[in-house]
Amino acid sequence: MNGAIIGGTGFYDAGDLLRTESVETPFGTVDVEIIRHGDSELGFLNRHGKGHSVPPHKVNYKANLKALEMLGIRHVLAGTAVGSCNPDFQNGDLILLTDLIDNTRGRSLTYFDGGESGVKHFDMSDPYCRNLRKRMSETAKDQPPGFKGEGVYCCSEGPRFETAAEVRMIRQWGGDVVGMTNVPEAQLAKELGLCYAAVSVVVNMATGMEQGAVDLEYGDGLIKASMQRLRKLLKDSLMAPLDQDHCGCSNALIPL
Ligand SMILES: [Zn+2]
């Protein structure tokens, strides 16, 4: 398999289902759908489960990523629905993530919790694999309007939305979009040595932000259309095989 896709809110189906693999990990069992795309097979799972039944702070991130690794997958692309803290990013826009800020609390953040698992530290200079980002940028050029821009993702604890004061704080920190799931997903991928990258779809303006002019011809279908664009972009980006020779993802462990 060339890789796998993790879907978020509004992205529950990747199409062309071949079979479902039930993977038993040390953290729980995960059903991974195997789909066909062109001549390749890809893995797919939705982090919130069927019917959006798992809230962001209770997603079994460790099991999800471990299951993909156990299937031999080395490249993972994720979709996330976000609020925008950047007036240039409006409803329906696709944003290529370049960096992240962790504003969660109380989540289990690492596979290496001391004891038998030991203590390990990982480099996060590239939270989102630079090789996968390059591949997605190239793929997006043939799929206008492509990305609206690149952005920094701030992960809130949720499930409540942010207050207006929190959104002002996130903007001062340099955050462009705010969601509830990329921590610990991105860092657990790094701990497993996987290449991981993510694209956000703006589904609302964050609290206190003004809505700009949205193309009303899309009407209520705007977000749905963007999710379909996201789905095609992620699948097409994994159409050709990738290696791990042009990024540091498989070698992010800091020697002690
Ligand atoms: Zn990588």
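Because the structure is predicted, anything quoted here is derived from the model rather than measured. All ligand and atom numbering here is 1-based and tracks the order in the structure.
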Visitor: Quick one: salt bridge (Lys or Arg N to Asp or Glu O under 4.0 Å) partners of Arg130, sequence neighbours excluded?
Guide: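 Partners of Arg130 under the salt bridge (Lys or Arg N to Asp or Glu O under 4.0 Å) test: Asp126.
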Visitor: Sort and list the pairs that fulfil ring pair (Phe, Tyr, Trp, His ring centres under 6.0 Å) and have at least one residue in residues 136-189, not counting sequence neighbours.
Guide: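 Residue pairs with at least one partner in residues 136-189: there are none.
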Visitor: Under the rule for salt bridge (Lys or Arg N to Asp or Glu O under 4.0 Å), what residues qualify as partners of Arg107, not counting sequence neighbours?
Guide: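 Residues passing salt bridge (Lys or Arg N to Asp or Glu O under 4.0 Å) with Arg107: Glu157.
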Visitor: Which residues and atoms, counting only protein N, O or S, are under 2.8 Å from the Zn ion (ligand 1)?
Guide: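 Short answer, with waters excluded from the count: Cys129 SG, Cys195 SG, Cys247 SG, Cys249 SG.
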Visitor: Nearest heavy-atom pair of Ala198 and Asn182: which atoms, and what distance?
Guide: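 Taking Ala198 first and Asn182 second, the nearest heavy atoms are CB-OD1, 3.8 Å.
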Visitor: Using the benzene-type ring in the case of Trp, are the ring centres of Tyr61 and Phe27 under 6.0 Å apart?
Guide: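 No, they do not, as the ring centres are separated by 6.0 Å or more.
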Visitor: Do other residues, nucleotides or ligands put more than 12 heavy atoms under 6.0 Å from Glu24 CD?
Guide: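 Not more than 12 within 6.0 Å, no.
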